[in-house]
Amino acid sequence: MNKPLVICSTLLIETSPQSLPLGAACIASSLKSDIRTKDKVEVILTDASKEDGLSISDLKQKLTEGRTPAFFLASVYVWNRVELEAISLELKKGFPSCVTICGGPEVTANPFSFEKSFDFITTGPGEGIVPELISKILEGEKDLQKIQYAAPQKNEILNLESPYLNGTLDPAKYGGALWELARGCPFKCSYCFESKGENKISYFPMERIKAELELFAAKKIEQVFVLDPTYNADKKRAVEILNLIAKKTPDTFYYFEARAEFIDREMARAFTKIPCALQFGLQSSDEEVLRLVHRGFNKKVFVKNVGILNQEGVIFGFDLIYGLPGDTFKGFKQSMDFALNLYPNNLETFCLSVLPGTVLFDEAEKLNLHYEKEAPYHVLYTDKYSKEDLKLSSELSLSCTLFYNIGRAVPWFISFVRFFNDKPYSFLQKFIKWYEKVYKNNILTCKFSSDDDYFEVQKMQLAFLKDLCHEKHCDNVFKVLEDIVILNGAFSVNSSTGKSQKVQLKYHPDDLLSEYALDPMFFLKNAKPYRCTVLVQNGDYKILSRC
């Protein structure tokens, strides 16, 4: 007799290591190992990507693999709610006996809103509650509550089955891994789901961490995104794991979320021992704005510790949120200037989402927040942030993503801004106006969205800089700016892709990479022309010929 089929599924926002179905895999893993279900059901893990643009019917076919499930479990997030609800309803039409169950952050935040689209709703950590629910259904228990509330995880050590180690999830299939080291957060930021928890961290055991690292090494995983919102909250543990990474997977690139307030020289140097990048949730540089969302911030300590990272050569980036309560468009521009003047490798900017289940959601009326009632719950306006200001912020956000992030501008951006006697935000606003004039449309229609588009963005950067030099009556400086952009871009692409880059230059690479290039006018007056063809590879360059 065939065992009842349980399909654990989700709809990914894209096909990438950052979007692999870890949540659904954790539930599938628990069903395979829990004594109540492991011998009673057949479990499979499925996923699809929104990038594929499939219809609801095609998505249903893909997620069920053409089979008839006894149970269909959906891991629901802000970005896939609409589709997964539709798939659940269509499944019920085709397979009336199929039991549909949903869980995940979006469900936990507002479980009552899913009552019409799923048979059962589970909240909180699902590894315990889902096997219990399915076991009771299989045993024929009646009068089960439609909403199943899971107790928050209270163990300091999380003894859960690893979906990687038991073969449920193969990171090689997705080109990388999401690596869960801990759950919970010690802070109380009101825009985050974690703010309503116990404000503590529960850790996965070191034995599991070591075993997963060995698996990553065996599979030659190229990149790992660490799921721990405050990786460096426990300094001793953080450094211990960094040492393990350096020993077991020295060629894998890791992405961490951390708090700048906890950085010191020892920890910064530990990060330099492995290929990695850190991301810091700055959100705003205004201490009063951050106070309104219950987030502590000491600007002097932040600047000091970020300075340590720059001195030690650690790659890092920042996150900013626009539309926060108490903030203004002017304040957002000041936060952008503060962030960019610290030379981050990237600056990610987001519109505030007033997520159900957060403290901010509960306090929205008091804070004069008006927001979308459906996902993604973006703020529409506040008492200090108008709809027009939010549109301008969105344009500035995209300009930063395009010109600074995708354009790999960090080595030269601030020096160019200073050369033109400008501020970072103002410089990026000029780029917006230039783009709309040249391309005859709003920058929000711009489709460049990945590092694969770098060389197209570089062409735009150079065209903009050439026009700006002409406007400022310094056309002769453009040849210096052009060489700086091209050479630094070649090094950046070589570093990130491993592909060698051949470029034509008007000045010697040594001069272009020196501190003198930070002052383009001084460079123009003192550097001698040196036309050459240069090959950039393995982090170094070789002059192939003089032109």
Side-chain angles (χ1 to χ4, degrees), residues 1-10 20-47 63-76 88 91 95 97-104 107-108 118-142 144-145 147-155 157-174 177-180 183 202-212 214-215 218-219 227:
M1 182 176 177
N2 293 332
K3 297 177 182 178
L5 174 63
V6 180
I7 294 179
C8 298
S9 70
T10 194
L20 87 177
L22 182 60
C26 287
I27 303 304
S29 181
S30 69
L31 288 167
K32 291 179 181 180
S33 61
D34 194 292
I35 192 172
R36 295 167 293 187
T37 52
K38 66 177 183 178
D39 297 322
K40 298 179 181 179
V41 295
E42 176 191 355
V43 181
I44 62 172
L45 173 68
T46 65
D47 65 75
L63 293 179
T64 60
E65 297 186 347
R67 302 175 67 182
T68 304
F71 297 90
F72 179 81
L73 278 63
S75 187
V76 185
S88 174
L91 265 174
F95 312 120
S97 62
C98 174
V99 177
T100 61
I101 304 171
C102 65
V107 180
T108 299
F118 287 89
D119 294 322
F120 290 95
I121 298 102
T122 62
T123 70
E127 289 92 346
I129 194 67
V130 172
E132 179 182 353
L133 173 62
I134 289 180
S135 175
K136 288 180 178 179
I137 293 172
L138 290 174
E139 291 171 0
E141 186 169 330
K142 305 295 183 182
L144 289 170
Q145 290 185 345
I147 301 177
Q148 302 283 314
Y149 296 96
Q153 180 67 50
K154 295 184 178 180
N155 299 331
I157 301 296
L158 293 166
N159 291 305
L160 301 172
E161 191 83 8
S162 167
Y164 293 122
L165 298 178
N166 67 13
T168 299
L169 187 61
D170 182 3
K173 176 183 175 183
Y174 300 90
L178 291 176
W179 193 27
E180 197 173 20
R183 291 182 182 177
S202 297
Y203 293 103
F204 286 94
M206 291 301 295
E207 293 78 11
R208 166 173 163 157
I209 289 170
K210 292 175 183 177
E212 288 177 329
E214 290 168 358
L215 181 141
K219 288 183 172 289
L227 297 183

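Because the structure is predicted, anything quoted here is derived from the model rather than measured.
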Value rounded to 0.5 Å, distance of CZ in Arg208 from OH in Tyr203: 15.0 Å

Heavy atoms, side chains only, cut-off 4.5 Å: are Leu20 and Leu169 in contact? yes

Option among Asp39, Thr37, Asn166, Thr168 that satisfies the side chain to side chain donor-acceptor pair (under 3.5 Å) test with Lys32: Thr168

What distance do Met206 atom CE and Lys210 atom NZ have between them, rounded to the nearest 0.5 Å? 5.5 Å

Taking all non-hydrogen atoms of both residues, which atom of Pro163 and which atom of Leu22 are closest, and how far apart? CG-CD1, 4.0 Å

With heavy-atom distances below 4.5 Å as the criterion, would you say the side chains of Tyr149 and Ile129 are in contact? no

Apply side chain to side chain contact (heavy atoms under 4.5 Å, CB included) to residues Leu73 and Leu31 and explain how you reach the verdict. CA-CA 11 Å; Leu73 278 63; Leu31 288 167; 4.2 Å; yes

Quick one, Lys136 with Glu132, criterion salt bridge (Lys or Arg N to Asp or Glu O under 4.0 Å). Give me CA distance, side-chain angles, the key distance, then yes/no. CA-CA 6 Å; Lys136 288 180 178 179; Glu132 179 182 353; 3.1 Å; yes

Apply side chain to side chain contact (heavy atoms under 4.5 Å, CB included) to the pair Leu5 and Thr68, showing each step before the final yes or no. CA-CA 8 Å; Leu5 174 63; Thr68 304; over 6 Å; no

Lys219 versus Pro171: any side-chain heavy-atom pair under 4.5 Å? yes

Single hit among Cys8, Cys102, Ser9 for side-chain contact (heavy atoms from CB on, under 4.5 Å) with Phe72: Ser9

Residues Lys40 and Arg36: closest non-hydrogen pair is CD-O, 3.3 Å

Going from CG on Asn159 to CD on Glu207, what distance comes out if it is rounded to the nearest 0.5 angstrom? 9.0 Å

Can you confirm whether Leu144 sits close enough to Leu133 that some side-chain heavy atom of one is under 4.5 Å from a side-chain heavy atom of the other? yes

Side-chain contact test, heavy atoms from C-beta onward, threshold under 4.5 Å: evaluate it for Phe204 versus Leu160 and give yes or no. yes

Scanning both residues in full, the closest heavy-atom pair of Asp47 with Pro21 reads OD2-CG, 3.6 Å

Should Cys26 and Glu180 count as side-chain neighbours, where that means a heavy-atom distance under 4.5 Å? yes

Glu212-Ser162 side chain donor-acceptor pair, cut-off 3.5 Å: yes

Can you find a heavy atom in the side chain of Asp119 that is under 4.5 Å from one in the side chain of Phe71? no

How close do Lys3 and Glu42 get, counting heavy atoms only, and between which atoms? CB-N, 3.8 Å

Would you give the length of the straight line joining atom CD of Glu127 to atom OG of Ser33, rounded to the nearest 0.5 angstrom? 9.0 Å

Side chain of Thr108, backbone of Gly104: donor and acceptor closer than 3.5 Å? yes

In short, Ser202 meets Leu158 closest at the heavy-atom pair O-CD1, 3.5 Å

Does Thr46 reach the side chain of Thr64, with side-chain heavy atoms less than 4.5 Å apart? no

If I take atom CG from residue Leu45 and atom CD from residue Glu65, how far apart are they, to the nearest 0.5 angstrom? 9.0 Å

Checking Val130 against Phe120 for the side chain to side chain contact (heavy atoms under 4.5 Å, CB included) test, could you report, in this order, the C-alpha distance in whole Å, the side-chain angles of both residues, the deciding distance, and whether it holds? CA-CA 10 Å; Val130 172; Phe120 290 95; over 6 Å; no

Spacing of OG belonging to Ser88 relative to CG belonging to Leu63, to within rounding of 0.5 Å: 11.5 Å

